[in-house]
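Values below: all heavy atoms of this structure, side chains included; hydrogens, waters and symmetry mates excluded. Counting starts at 1 for both ligands and their atoms, following the listed order. In this text, all values refer to a predicted model and were calculated from it rather than measured experimentally.
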Amino acid sequence: MVSARYADVGLPVPLGRSFSYRVPSGLAGAEPGARVLCSFGPRKVLGIVLGLKERPPEGLDPERIKDLEAVLDPEPVLPRELLRFLVELSAYYLAPVGEVLRLAVPAVERDRVEALRRQGRLDVAAALGPTVGGRAVTFAVATDAVEPPGSLRGQAQAVLGLLRAQGETQVTALQKRYGNARAALKKLESMGLVTLSKRRLERVSIFDETAPPEDPAPTLNAAQREAVDSIEAALAGMHRHRAFLLFGVTGSGKTEVYMHSIAAALAEGRGAIVMVPEIALTPQLVGRFRARFGDAVAVLHSALAPADRYAMWRKLRSGTLRVAVGARSALFAPVADLGLIVVDEEHDGSFKQEEGVRYHARDMALLRGHRAGAVVVLGSATPSVESVVLARRDKLGELRLPDRATAASLPAVEIVDLRRHRRGPSGHRMLTMPLHRALEATLAAGEQAIIFLNRRGFAPAVVCNGCGQVVSCRDCSVALTYHRRAGGRLRCHYCDFQMPLAAACPECGRPELELEGLGTEKLESAIAEVFPRARVARLDRDVAGGAKSEKVLDRVRAREVDILVGTQMVTKGHDLPGVTLVGVVNADAALSMPDFRAAERGFQLLVQVAGRAGRHDRPGRVVIQTRDPEHPAVRYAARHDVLGFLVYELRDREEVGYPPFRRLSLLRVDAVEEARARRAAAELATLARGCPEVVRGEVDVLGPAPAPIARLRNRYRFRVLLRGAARGPLRRVCRVVLAGKGDVDKAVRVALDVDPVSML
Ligand code: ADP
Ligand code: ZN
């Protein structure tokens, strides 16, 4: 007797569990990692087999277990290693497994979904992942048959002649030349002179289609050599550590270490994943990888068409492409025989996904690497306190690059106290005399400057002098920013709300509105005004995303720009040889966020932006303006003293009981009606407080409290913070709260953020 088998299936539904189905005998390919068609209530949906069992799950009546309907793929779409990792990730974040699978499963080919639908087997395209079509294109090709003499005339004859001359041709191209191409082709096909075939065009486009120039590897310096040696030893299983923190000052040649490590992994026949903060902003880095590894590299970019993404996915899965470079989602690349994971700028906040499954790609890189037997390298000039603590506990091996790779030394930093220094000749309060002089000197020397301000737009706020109110968003408790370029409009930087700047205050009606504060748009024009001969450009999200930002940076590199004004976008690891001056207009804006990580983030920002100055042969100089020169982030940044800052910051975190010394989980509750959100948050907090772990004092419950942005996109937001020293008790409380989520008001949304990064 053949015993039935049972499949544990992850479905694309927001329920925190998997589902059981029977595998009918004769259904081949229902292996872990395969996509399967299942009935789910009245619908047919696509799921992924997580595991197989010989016996029906306990407590389920075997008669009521439904059969799997079909298997989509001849081979499991997810490799075992990746599948197991995803299941673990879902458990770690207490996130529905179906939603986690969605992060990693490639688009389903539309053909296959279509076929199932035509057979009446799939009612809804509730697929795991979107569907891709690619573009189906019809090609025509001449056969070897010879036409009977005199049988062809006109366009049919011409089309056949062309096909014979140039080989296989797209039908649309023929139609452009011959109006009757379709009719002609039909006739030719019926005579056996031409065959038509439909094919999917796979366009694997990487950033630019041209092959990059080859980049010979420089000889490593001693520190780089030592780092690469350790990583190679780990790859060979000969090192005490399998995961490393590569702590190297800006410009110390970390990228070179990554590339040598990748080469070592490839030499062993293994693949690699490289994660970078924002791939759209790092084409220079991507270019360096492509130059070194050529066609082995898949660049996973959000601008990729689904068909291209799918094509790349398949090539990684099959091992044709061996290196995946991308932003946080590259964590899920199905790289065959994964040997190495690199996380560049590991401190960067963009590795945390802030919607849906709220995972941290850096933390999960350590998990995936560990499970896959791969070596993990976390690199940064300003490592996160989390990684530093892991290194201190010897969970990460520490690799240091203490000096810049080129002859350049780190730039001198000058702090300008905004309370004391008066405005320079421009008359603008934020362009102080010292900054003005520094810009003058840089221009006179024919060098370039970057001026950093982390506020885009013209003026960050509009205030009414009549009633004192700030004009805020219709849907958010956020001040509207005035943008001059966009036709003089007020815009919300959190939702898409926009409105014209009225003459009178929307609150009191008095015509006394005044623009307040300084944004990059205004700074750019102010600088252009006082330095009329300088070529000034701006880089922020209003000017540029993706490819456009690279154009701006190309112009800087080509020396077509003297002064570049910009937001965080200018701090992201660019190597701009002509830049010798970096000015930070207002350090305080970055340091005053309502968040326990504000000092750490502000410090990282200051060091990273300062690191853009004087990277090559000419010495660099940095001017930091602040009202709080004694702030530790400012003091340590001015001395490039990263370790000093970390020691200070770690002591502070330990004292106040924040990560990495305690663990946090943040319960985010929101609703359109304030009272309902508040009530639900209070109910959940009460539920948590009833847990034995809380009663015993292993877990603290803080709140509910309104979120720092109390209203966003027309929803009122509340927070309950759960905090504990050990993960186990904290998770148990989280589970109780999640289970209670089902009982709260249906108009309220509840999300759990495990290891939250942004508290907003
Ligand atoms: P990081 O990633 O640490 O900021 P990069 O890898 O971008 O630093 O290196 C900074 C500069 O130093 C680059 O222009 C790079 O080509 C150069 N560089 C790196 N390693 C070496 C080396 N061993 N010898 C000479 N130049 C190097
Ligand atoms: Zn808004």
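- Remark: ligand 1 atoms within the under-4.0 Å shell around heavy atoms of Ala405 are 12 (O), 18 (N), 19 (C), 20 (N), 21 (C), 27 (C).
- Rounded to 10 degrees, the SG-metal-SG angle spanning Cys476 and Cys495 at the Zn ion (ligand 2) equals 110°.
- Within 6.0 Å of atom OH in Tyr494, 12 or fewer heavy atoms from other residues, nucleotides or ligands are found, so the atom counts as exposed in its surroundings.
- Here Asp344 has no heavy atoms under 4.0 Å from ligand 1, in either its backbone or its side chain.
- If you run side-chain hydrogen bond (donor to acceptor under 3.5 Å, both in side chains) between His483 and each of Arg489, His493, Arg456, Gln498, only His493 comes through.
- A side-chain N or O of Glu514 and one of Asn465 form a donor-acceptor pair less than 3.5 Å apart.
- Below 3.5 Å of separation, one finds no N or O of Leu220 facing any N or O of ligand 1.
- The ligand atoms of ligand 1 that sit less than 4.0 angstrom from a heavy atom of Asn221 are 23 (N).
- When the options Glu256, Arg612, Arg288 are ranked by their closest heavy atom to atom 15 (C) of ligand 1, first place goes to Arg288.
- Heavy atoms of Ser252 approach ligand 1 to within less than 4.0 angstrom.
- Annotation: Thr250 places no N or O atom under 3.5 Å from an N or O atom of ligand 1; distance criterion only.
- Atoms of ligand 1 found under 4.0 Å from any heavy atom of Gly253 (numbered from 1 in listed order, with element): 1 (P), 3 (O), 5 (P), 6 (O), 8 (O), 9 (O), 19 (C).
- Listed for the Ser350 side chain is a donor-acceptor partner under 3.5 Å among the backbone atoms of Pro277.
- Residue contact annotation: Cys473 places an N/O/S atom under 2.8 Å from the Zn ion (ligand 2).
- For Arg404, no heavy-atom contact with ligand 1 is shorter than 4.0 Å.
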Open item on the list: Checking Ser758 against Glu354 for the side-chain hydrogen bond (donor to acceptor under 3.5 Å, both in side chains) test, could you report, in this order, the C-alpha distance in whole Å, the side-chain angles of both residues, the deciding distance, and whether it holds?
Closed with: CA-CA 8 Å; Ser758 163; Glu354 294 290 4; 4.7 Å; no
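- Geometrically, Arg711 engages Tyr716 in a cation-pi contact defined by less than 6.0 Å to the ring centre and at most 45° from the axis.
- Distance alone, capped at 3.5 Å, places no donor-acceptor pair between the Glu673 side chain and the Ala675 backbone.
- Residue Thr219 has at least one heavy-atom neighbour below 4.0 Å for each of these atoms of ligand 1: 22 (C), 23 (N), 24 (N).
- The shortest N or O to N or O distance between Gly251 and ligand 1 is under 3.5 Å.
- Shown here is Arg270, whose CZ atom has more than 12 heavy atoms of other residues, nucleotides or ligands within 6.0 Å.
- Under 3.5 Å, the side chains of Glu346 and Ser380 contain no donor-acceptor pair of N or O atoms.
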